[in-house]
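Throughout, protein chains are lettered first and strands after them, A, B, ... in sequence-line order, and every chain is numbered starting at 1.
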Number of protein chains: 2
Amino acid sequence: MTNGNAEPGEGKGAKSTLASSVYQQLRDDLLRGALEAESKLRVEWVVSRYGAGASPVREALNRLAAEGLLGRHDQRGFFLMPVSAVELEELTRTRCWLEERALRESIAHRNAEWEEQLVLALHRLARAERRLPEDPATNNPEWEKLHRAFHRALIAACGSHWLIGFCDQLSDQASRYRLISQNAPGMGRDEIGEHRVIAERTLDGDADGAVEALLNHYRLTAAMCMERFAQGYDPKAGAAKARRR
Amino acid sequence: MTNGNAEPGEGKGAKSTLASSVYQQLRDDLLRGALEAESKLRVEWVVSRYGAGASPVREALNRLAAEGLLGRHDQRGFFLMPVSAVELEELTRTRCWLEERALRESIAHRNAEWEEQLVLALHRLARAERRLPEDPATNNPEWEKLHRAFHRALIAACGSHWLIGFCDQLSDQASRYRLISQNAPGMGRDEIGEHRVIAERTLDGDADGAVEALLNHYRLTAAMCMERFAQGYDPKAGAAKARRR
DNA sequence: ATGAAGTAGAATCTCGACAAAAAAGCTGAT
DNA sequence: ATCAGCTTTTTTGTCGAGATTCTACTTCAT
């Protein structure tokens, strides 16, 4: 299943290598929280799932491990990076540090082009459906994409592709946590409103206000994930720290 | 990222895989600026240089590319990341942002263990020779290691392994620039003194003072590199934008 | 029972050869 | 001379088999 062989029509017209194709698919599945059952990732399993030889699969796994989405032990293969409450806290804290700096720099160096891209990203996000129309229980992958695009547009003018890359990396991790914990449905949260406030204050040049709104946005999301974590997550994979009595 | 792996066995006794061995050696050579002549990195060349098959070499190259030390284009192989003045400026700026945050957090959460590790790192750095005794023209690799260890010890208590990893990554890049431009010999610069001031203010809990000293330290180094760059570096390898597709 | 040593099975990692693609070289017409 | 189009050469990316290492299980002695 899901054995979308490397058809020439996949995604864009660019001729990708098999390793890149596996990398992309596996990364999507990881961020989607689609395979959090087992901690270990046998290469043979990946091979049979994505339909590629061992060599390209290993290359893809090496990339993902270098990015921090997977772990690796020499002679012992690859494994899914464990999730835990303390990790989520640390992740959120780091993310707030970096995104605050990035947003302030972006606002300081704002220009017309960047502002237009931001309102565009907000508009697209507002138009998208939060959940899948046919199945309101699961998230809409398209919305996830646009959500990422919006937060990326916010910091796009910060003037450092390094910082943008780091924020992307942390965004990936946060995505994984959000979708693993099956982000609760709304619960009276005005998602689009939060994003709109962030964008408005940013466009107004109100750096302090924008940062405050952005950080609260992240912290609220993290808190909701944490809730689901504490009650519902089964730490059989070994993510548990010292939670038993 | 996750480059500064503290645990997996590079030290001794642990049997590493060939891919990891090539990764380590090639990374050292990159940071040493030992092979900046040609922009392209043919895998056959790497194979014959480090004596390993194509598969482990490709895995190592994939890791380095994911870390940002190499570049990669599908179906077109790997290449050394080009260096340029604007890149150096952007790198330094980003580094100052992240290291300032990391140092402030470290100072805020300081404890006895961390302080002791810091004075230890400073002591070892002060004892090491800046240049090689037998050949005072080239840098001492041992000193480079201790230098990195010192700056790492400074931020070790910041409470985020993510932030530490990012700083390590930027430190790698900075190392590369410093050693490519054959960091000028002293020129009246009191290197150990600068580090001592940083450590003293840090241990005193003087966050503002420590940050000021640290950032000046980085900016001065960058400025000296930039000088060498502007006059002596031959941009044939591609300081300019690389050709598309 | 408990624990240590040894063995069978499974997984990782590596090598060499092959296929696919890109770069370089060549011919010939404008 | 120049450039398009074809051929040759080089390089990348992929596959399948085999060697090495880890893991789980059995056996035996304390």
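- Checking A:H147 against A:E142 by side-chain atom types alone, no donor-acceptor pair falls below 3.5 Å.
- Atom-to-atom, CG of A:L70 to P of C:dT12 comes out at 13 Å; the value is rounded to the nearest Å.
- The CG atom of B:N62 sits 13 Å away from the C1' atom of D:dT14 (whole-angstrom rounding).
- The CD atom of B:E59 sits 14 Å away from the P atom of D:dG13 (whole-angstrom rounding).
- A cation-pi geometry, defined here as NZ or CZ lying under 6.0 Å from the six-membered ring centre and within 45° of its normal, does not hold between A:R124 and A:F150.
- Of the charged side-chain nitrogens involved, at least one lies within less than 4.0 Å of a carboxylate oxygen, so that A:D172 and A:R27 count as a salt-bridged pair.
- Between B:K40 and D:dT12, a side-chain N or O to OP1/OP2 separation shorter than 4.0 Å is present.
- Listed by chain and residue number, A:R63, B:D74 satisfy the side-chain hydrogen bond (donor to acceptor under 3.5 Å, both in side chains) test with A:S20 (two or more places apart in sequence, or in another chain).
- When only modelled atom types and interatomic distance are considered, B:D29 and B:Y50 share a side-chain donor-acceptor pair under 3.5 Å.
- A cation-pi geometry, defined here as NZ or CZ lying under 6.0 Å from the six-membered ring centre and within 45° of its normal, does not hold between A:R72 and A:F79.
- With distances taken from any side-chain atom of B:A19 to the nucleotides D:dT12, C:dT14, D:dC15, the minimum falls on C:dT14.
- At the phosphate of C:dA23, OP1 or OP2 sits under 4.0 Å from a side-chain N or O atom of B:R76.
- Here D:dT23 presents its C1' atom at 14 Å from NZ of B:K15, a figure rounded to the nearest Å.
- Taking atom CD on A:Q75 and atom C1' on C:dT14, their separation rounds to 10 Å, with Å as the unit.
- Remark: C1' of D:dC22 and CZ of A:F78 are 15 Å apart, rounded to the nearest angstrom.
- Distance CZ (A:R58) to P (C:dA11): 14 Å, rounded to an integer number of Å.
- With distances taken from any side-chain atom of B:R42 to the nucleotides D:dC22, D:dT12, D:dT14, the minimum falls on D:dT12.
- As judged by a 4.0 angstrom heavy-atom cut-off over every strand, B:L61 is placed among residues making no nucleic acid contact.
- Between the CG atom of A:L18 and the C1' atom of D:dG13 there is a distance of 9 Å, given to the nearest Å.
- A salt bridge does not link B:R148 to B:E144: none of the charged nitrogens lies less than 4.0 Å from a carboxylate oxygen.
- Proximity of residues 45-55 of chain B to DNA chain C (heavy atom under 4.0 angstrom from any strand atom) is restricted to B:A52, B:G53, B:S55.
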